[in-house]
Amino acid sequence: MQNYKIDNMTCGHCAGNVQKAILSVDPQASVKVDLGAREISVETVAAAVSITEALKAAGYDSRQL
């Protein structure tokens with residue numbers, strides 16, 4: 001399980017974009033979004049760097065928790 005803080009994820013549309021970005025790296029990933037805390041939990045086989053790069057390409061700065 002990988003956990004990330006995404007400060008500029010502020011709405012449901014953002015959460016959807018974040019999920020799409022992660023699924024583009026690993027289509028089998030499981031993504032849980034906590035919009036209030038601006039955090040996500042990801043079950044994936046992808047490397048953390050791949051996830052953060054996909055999020056950055058989608059316009060979201062993230063940091064692993």
Side-chain angles (χ1 to χ4, degrees):
M1 181 79 65
Q2 300 174 24
N3 298 299
Y4 298 87
K5 179 75 169 180
I6 305 174
D7 290 325
N8 60 338
M9 180 179 66
T10 59
C11 66
H13 182 70
C14 293
N17 287 339
V18 164
Q19 288 180 321
K20 285 180 190 175
I22 293 167
L23 293 175
S24 74
V25 174
D26 177 6
Q28 302 301 315
S30 172
V31 183
K32 294 182 183 175
V33 176
D34 182 342
L35 193 55
R38 297 183 181 170
E39 294 177 2
I40 60 170
S41 297
V42 184
E43 275 192 48
T44 182
V45 296
V49 67
S50 298
I51 298 295
T52 56
E53 286 174 358
L55 290 169
K56 185 171 183 149
Y60 297 93
D61 295 322
S62 64
R63 65 182 182 278
Q64 195 168 13
L65 300 174

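Note that these values count all heavy atoms, side chains included, but never hydrogens, waters or copies made by symmetry.
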*Please step through side chain to side chain contact (heavy atoms under 4.5 Å, CB included) for the pair Gln19 and Val33, ending with a clear verdict.*
CA-CA 8 Å; Gln19 288 180 321; Val33 176; 3.8 Å; yes
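In plain terms, the two heavy atoms of Ala37 and Lys5 that are nearest each other are O-NZ, 2.6 Å. For Ile51 against Ala46, the heavy-atom pair with the smallest separation is CD1-CB, 4.1 Å. Nearest heavy atoms, Ala21 versus Ala58: CB-CB, 3.9 Å.
A donor-acceptor pair is defined here as one N or O able to donate and one able to accept, closer than 3.5 Å; no such pair exists between the side chain of Gln28 and the backbone of Val45. In this structure, the side chain of Asn8 engages the main chain of Gly59 through a donor-acceptor pair within 3.5 Å. With hydrogens and angles ignored, the 3.5 Å screen pairs no side-chain donor or acceptor of Asn3 with any backbone N or O of Leu65.
Residues Leu35 and Tyr60 fall within the same hydrophobic cluster, defined by Ile, Leu, Val, Met, Phe, Trp and Tyr side chains chained together at heavy-atom separations under 4.5 Å.
Note that CD of Gln2 is 10.0 Å distant from CD of Glu43, once rounded to the nearest 0.5 Å. Taking OG from Ser62 and CD from Glu39, the interatomic distance works out to 12.0 Å, rounded to the nearest 0.5 Å.
With a 4.5 Å cut-off on side-chain heavy atoms, Val25 and Thr44 do not count as touching. Ile40 is listed as a side-chain neighbour of Ile22, based on a closest heavy-atom distance under 4.5 Å.
Among pairs with a residue in residues 56-65, those fulfilling salt bridge (Lys or Arg N to Asp or Glu O under 4.0 Å) read Asp7-Arg63, at least two apart in sequence or across chains.
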